[in-house]
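Quick caveat, the model's predicted, so the values are computed rather than measured.
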Amino acid sequence: MLTLPGARTIKLGCAPLSNIYSLNVEAQSKRYAQLESRFAEIYGAKPDFIARAPGRVNIIGEHIDYCGFPVFPMAIAPDTLIAVRTNNTDCIQIANASPKYPARKFSLADLFTIDSTVHEWSNYFKCGYRGLFEHVGRTGGKGFDALLDGTVPAGGGLSSSAAFVCATELAVQRVNGIDLPQTELALIAASAERYVGVNSGGMDQTASIMGQQGSALFIEFDPELKATLVKMPDADPPLAFIIANTLVVSDKHVTAPICYNLRVVETRIGALILAKHLGIADRPACKNVDPLTFKIVMNEYFADQDTQAADQVRTWIDRLRAMLDASTAAFGSYLQGYTRSEMAQALDMTPEELSATVHENLFPVRADRFKLLQRAQHAFSEALRVVRFRQICESGSADTDYFAELGSLMNQSQDSCRDLFECSCPEIDEICTIARSAGAFGSRLTGAGWGGCTVHLVSQDKVESVKQALAQQYYAQRFPDLLADQLENALFVTAPGRGACYFA
């Protein structure tokens with residue numbers, strides 16, 4: 001049986017995995033059987049159930065979830081599986097199908113202690129466990145044995161850490177008789193990654209928990225978490241997405257102070273200065289909120305505008321364009337970036353007070369200059385592209401050239417990620433160039449960037465030619481010793497897939 005957390009049970013009949021995976025169902029069936037067999041070898045009995053949470057690919061909307069703006073991801077087939085069996089003890093044993101990661105054993109009390117300075121694989125398990133129990137106000141639960149198998153590449157930009165944390169949540173809540181709604185699980189998982197020092201925005205966890213086959217998700221974070229299913233448009237030939245991993249590993253935990261967390265801090269400080277520039281910093285909506293985001297600033301600036309009779313998409317577009325102009329006015333004198341002293345002076349704070357305001361004690365950053373103009377321009381323009389992407393998908397017009405219009409938005413997004421947010425890298429740029437030359441309509445990085453994966457919009461009839469070009473011109477040149485199965489895991493076609501669930 002397959003169940004969605006926080007939803008009714010769905011009976012699947014004789015082919016349950018086909019309700020989880022749309023591609024390669026036979027291979028997945030063998031994988032599940034091998035996981036159960038290996039579990040029995042380690043623990044002496046078969047598991048009670050398997051908790052499953054997928055990775056995600058963000059089609060468009062990079063680095064704007066923590067700015068409060070909507071994003072457009074879809075769940076994918078690569079996932080984390082955790083086979084589980086209660087053991088009637090006060091300990092949890094967790095092993096990994098990969099010999100790279102040693103087995104661990106914890107008392108229930110140990111699971112609340114996480115050293116974020118140590119890069120330890122089981123810390124992500126602890127995040128899911130601790131986050132769930134702290135949310136429900138309990139100090140511990142039942143002991144169990146667990147075996148993990150993950151196919152989401154670590155550091156690849158497909159949210160391996162979110163899949164791990166979400167799968168852990170599912171495993172722990174089922175063992176302990178907890179049943180939380182999907183939105184609540186997603187929010188818990190997003191906040192739980194702070195225990196390993198990552199300032200997550202929430203997109204990854206929401207896509208992993210709430211994905212559905214055949215649809216992407218338009219995920220909004222303000223004023224509350226909301227996920228709207230958006231069916232990918234029908235086209236002839238059909239749309240397809242190719243994932244290509246650069247094989248450049250970008251580990252958010254390791255590089256956070258100069259990459260991911262630095263960008264979060266730059267947008268947080270940008271929102272504070274922009275609010276002051278617009279004369280709204282002392283309004284309760286901006287003054288009494290932590291963190292202040294670009295979305296909150298935009299909403300408050302237009303709070304007195306009557307939009308009840310206005311077209312929602314038109315309102316989004318007009319406001320975002322106005323914010324782009326406001327950002328240029330607010331930050332345009334600092335094209336090379338602000339120093340800490342200059343940012344603090346702009347906010348009438350000391351540098352120490354500013355550091356405390358953006359919680360650098362929890363999320364330390366290292367930079368001489370903070371490029372607030374460029375980060376703001378990316379955030380507002382990327383949000384505009386997300387809104388347009390959804391609008392095009394839902395247009396239903398026979399005259400719409402979906403490939404050209406959606407592809408153009410994806411290419412603009414990549415340009416912005418490279419030039420304004422500076423989260424691309426030479427390998428990402430090379431893959432995008434090769435894919436476009438071979439027939440991809442849109443190519444861009446996906447995930448945090450600085451390596452990891454890329455996503456490409458292609459027509460179904462161009463899938464093989466684009467894959468072949470990437471295999472020959474990128475992988476064969478840069479990684480000549482790559483084995484066939486390694487290439488298959490790095491370069492593959494995907495479709496919108498199901499989110500987190502149980503298999504038993």
Of all the heavy-atom pairs spanning Leu247 and Ala490, show the shortest one and how long it is. CD2-CB, 4.1 Å
If you define the side chain from C-beta out and look only at heavy atoms, does anything of Ile243 sit under 4.5 Å from Pro78? no
Just to verify, what does Asp348 make a side chain to side chain donor-acceptor pair (under 3.5 Å) with, not counting sequence neighbours? Lys276
Donor-acceptor side-chain pairing of Asn411 and Arg436 below 3.5 angstrom: yes
Are any of the side-chain heavy atoms of Val264 and Phe363 separated by less than 4.5 Å? no
Are Tyr129 and Tyr195 an aromatic pair by the rule of ring centers under 6.0 Å? no
Applying salt bridge (charged side-chain N to carboxylate O under 4.0 Å, His left out), run through Asp325 and Arg321 and close with a yes or a no. CA-CA 7 Å; Asp325 292 340; Arg321 285 176 175 168; over 6 Å; no
Quick one: closest heavy-atom pair of Leu274 and Ala330, and the distance? CD1-CB, 3.9 Å
Under a 3.5 Å distance rule, please check whether Thr400 uses its side chain to pair with a backbone N or O of Gly396 as donor and acceptor. no
Got a second to check how far Arg174's CZ is from Ile82's CD1, nearest 0.5 Å? 13.5 Å
Does OH belonging to Tyr474 count more than 12 external heavy atoms closer than 6.0 Å? yes
Less than 3.5 Å apart, any donor N or O on the side chain of Glu193 or Gln205 sitting next to an acceptor on the other? yes
Show me the donor-acceptor pairs within less than 3.5 Å that the side chains of residues 378-388 make with the rest of the protein, sequence neighbours left out.
{"unit_1": "His378", "atom_1": "ND1", "unit_2": "Ser416", "atom_2": "OG", "d": "2.7"}
{"unit_1": "His378", "atom_1": "NE2", "unit_2": "Glu62", "atom_2": "O", "d": "2.9"}
{"unit_1": "Ser381", "atom_1": "OG", "unit_2": "Gln377", "atom_2": "O", "d": "2.7"}
{"unit_1": "Ser381", "atom_1": "OG", "unit_2": "His378", "atom_2": "O", "d": "3.2"}
{"unit_1": "Ser381", "atom_1": "OG", "unit_2": "Arg385", "atom_2": "NH2", "d": "3.2"}
{"unit_1": "Glu382", "atom_1": "OE1", "unit_2": "Arg385", "atom_2": "NE", "d": "2.8"}
{"unit_1": "Glu382", "atom_1": "OE1", "unit_2": "Arg385", "atom_2": "NH2", "d": "2.9"}
{"unit_1": "Glu382", "atom_1": "OE1", "unit_2": "Ser413", "atom_2": "OG", "d": "3.1"}
{"unit_1": "Glu382", "atom_1": "OE2", "unit_2": "Gly61", "atom_2": "N", "d": "3.1"}
{"unit_1": "Glu382", "atom_1": "OE2", "unit_2": "Glu62", "atom_2": "N", "d": "2.9"}
{"unit_1": "Glu382", "atom_1": "OE2", "unit_2": "Ser413", "atom_2": "OG", "d": "2.7"}
{"unit_1": "Arg385", "atom_1": "NH2", "unit_2": "Ser416", "atom_2": "OG", "d": "3.3"}
{"unit_1": "Arg388", "atom_1": "NH1", "unit_2": "Gln391", "atom_2": "OE1", "d": "2.3"}

Can you confirm whether Asp368 is buried at CG, in the sense that more than 12 heavy atoms of other residues, nucleotides or ligands lie under 6.0 Å from that atom? no
Parallel, tilted or perpendicular: rings of Trp450 and His63 (30°, 60°): perpendicular
Checking side-chain polar atoms at under 3.5 Å, does Ser159 have a donor or acceptor matched by the opposite partner on Arg56? yes
If you define the side chain from C-beta out and look only at heavy atoms, does anything of Ile64 sit under 4.5 Å from Thr267? no
For Leu491 and Asn245, run side-chain contact (heavy atoms from CB on, under 4.5 Å): C-alpha distance rounded to whole Å, both residues' side-chain angles, the deciding distance at 0.1 Å, then the answer. CA-CA 6 Å; Leu491 179 63; Asn245 192 338; over 6 Å; no
How far does CD1 of Ile296 sit from CG of Leu292, to the nearest 0.5 angstrom? 5.5 Å
Is the shortest side-chain heavy-atom distance between Val265 and Ile269 below 4.5 Å? yes
Test: Arg369 and Glu266 ion pair at under 4.0 Å: no
Nearest-0.5 Å distance, CG of residue Leu335 to CD of residue Gln374: 7.0 Å
So, Arg375 and Glu422, do they make that salt bridge, N to O below 4.0 Å? yes
Leu170 and Ile209, any side-chain heavy atoms less than 4.5 Å apart: yes
Heavy-atom closest pair, residues Lys287 and Asp282: CD-O, 4.0 Å
Just by distance, do the side chain of Arg444 and the backbone of Gly407 share a donor-acceptor pair under 3.5 Å? no
Could you tell me whether the side chains of Asp429 and Gln414 share a donor-acceptor contact shorter than 3.5 Å? yes
Rounded to the nearest 0.5 Å, how far apart are CE of Met298 and CE of Met323? 7.5 Å
Stepwise, does the side-chain contact (heavy atoms from CB on, under 4.5 Å) test hold for Met232 with Phe241? CA-CA 11 Å; Met232 297 308 297; Phe241 291 96; 3.7 Å; yes
Calculate, to the nearest 0.5 Å, the distance between atoms CG and CG belonging to Asp179 and Asn176 respectively. 12.5 Å
Between Phe72 and Arg390, is there a cation-pi geometry (under 6.0 Å to ring centre, at most 45° from the normal)? no
With side-chain contact (heavy atoms from CB on, under 4.5 Å) as the criterion, how do Lys371 and Gln336 come out once you've worked through the C-alpha distance, each side chain's angles and the decisive distance to 0.1 Å? CA-CA 7 Å; Lys371 297 184 178 181; Gln336 303 306 313; 5.9 Å; no
Sidechain-backbone polar pair: Thr350 side chain, Glu353 backbone, donor-acceptor under 3.5 Å: yes
In Å and rounded to the nearest 0.5 Å, what is the CD to CD1 distance from Gln345 to Ile273? 10.5 Å
According to the interplanar angle, ranging from 0 to 90°, do the rings of Phe421 and Tyr66 count as parallel (below 30°), tilted (30 to 60°) or perpendicular (above 60°)? tilted
Which heavy atom of Ala435 sits nearest to which heavy atom of Ser443, and what is that distance? CB-OG, 3.6 Å
Please find the pair of heavy atoms, one from Ala207 and one from Pro73, that lie closest to each other, and give the distance. CB-CG, 3.8 Å
Between Leu180 and Leu132, is any pair of side-chain heavy atoms under 4.5 Å apart? yes
Min side-chain heavy-atom separation Phe370-Thr339 under 4.5 Å: no
So, the side chain of Asn123 versus the backbone of Val118: is there a donor-acceptor pair under 3.5 Å, distance only? yes
Under a 3.5 Å distance rule, please check whether Ser397 uses its side chain to pair with a backbone N or O of Asp399 as donor and acceptor. yes
Check whether any side-chain N or O of Ser437 sits under 3.5 Å from a backbone N or O of Thr433 as a donor-acceptor pair, and report yes or no. yes
Evaluate side-chain contact (heavy atoms from CB on, under 4.5 Å) for Cys127 paired with Arg130, printing each intermediate quantity in order. CA-CA 5 Å; Cys127 281; Arg130 178 177 169 180; over 6 Å; no
Side-chain polar contacts of residues 214-230 - donor-acceptor pairs under 3.5 angstrom, sequence neighbours left out - could you list them?
{"unit_1": "Asp222", "atom_1": "OD2", "unit_2": "Lys295", "atom_2": "NZ", "d": "3.2"}
{"unit_1": "Asp222", "atom_1": "OD2", "unit_2": "Asn299", "atom_2": "ND2", "d": "2.8"}

For Ala244 and Ile431, the nearest pair of non-hydrogen atoms, with its separation, is CB-CG2, 4.1 Å
How about Glu360 and Ser355: does a side-chain donor come under 3.5 Å of a side-chain acceptor? yes
Counting only N and O atoms by type, is there a donor-acceptor contact under 3.5 Å from the side chain of Asn58 to the main-chain atoms of Thr446? no
If we only count heavy atoms from C-beta on, is the Leu185 to Gln173 side-chain gap below 4.5 Å? yes
Do Ser327 side-chain atoms and Leu373 backbone N/O form a donor-acceptor pair below 3.5 Å? no
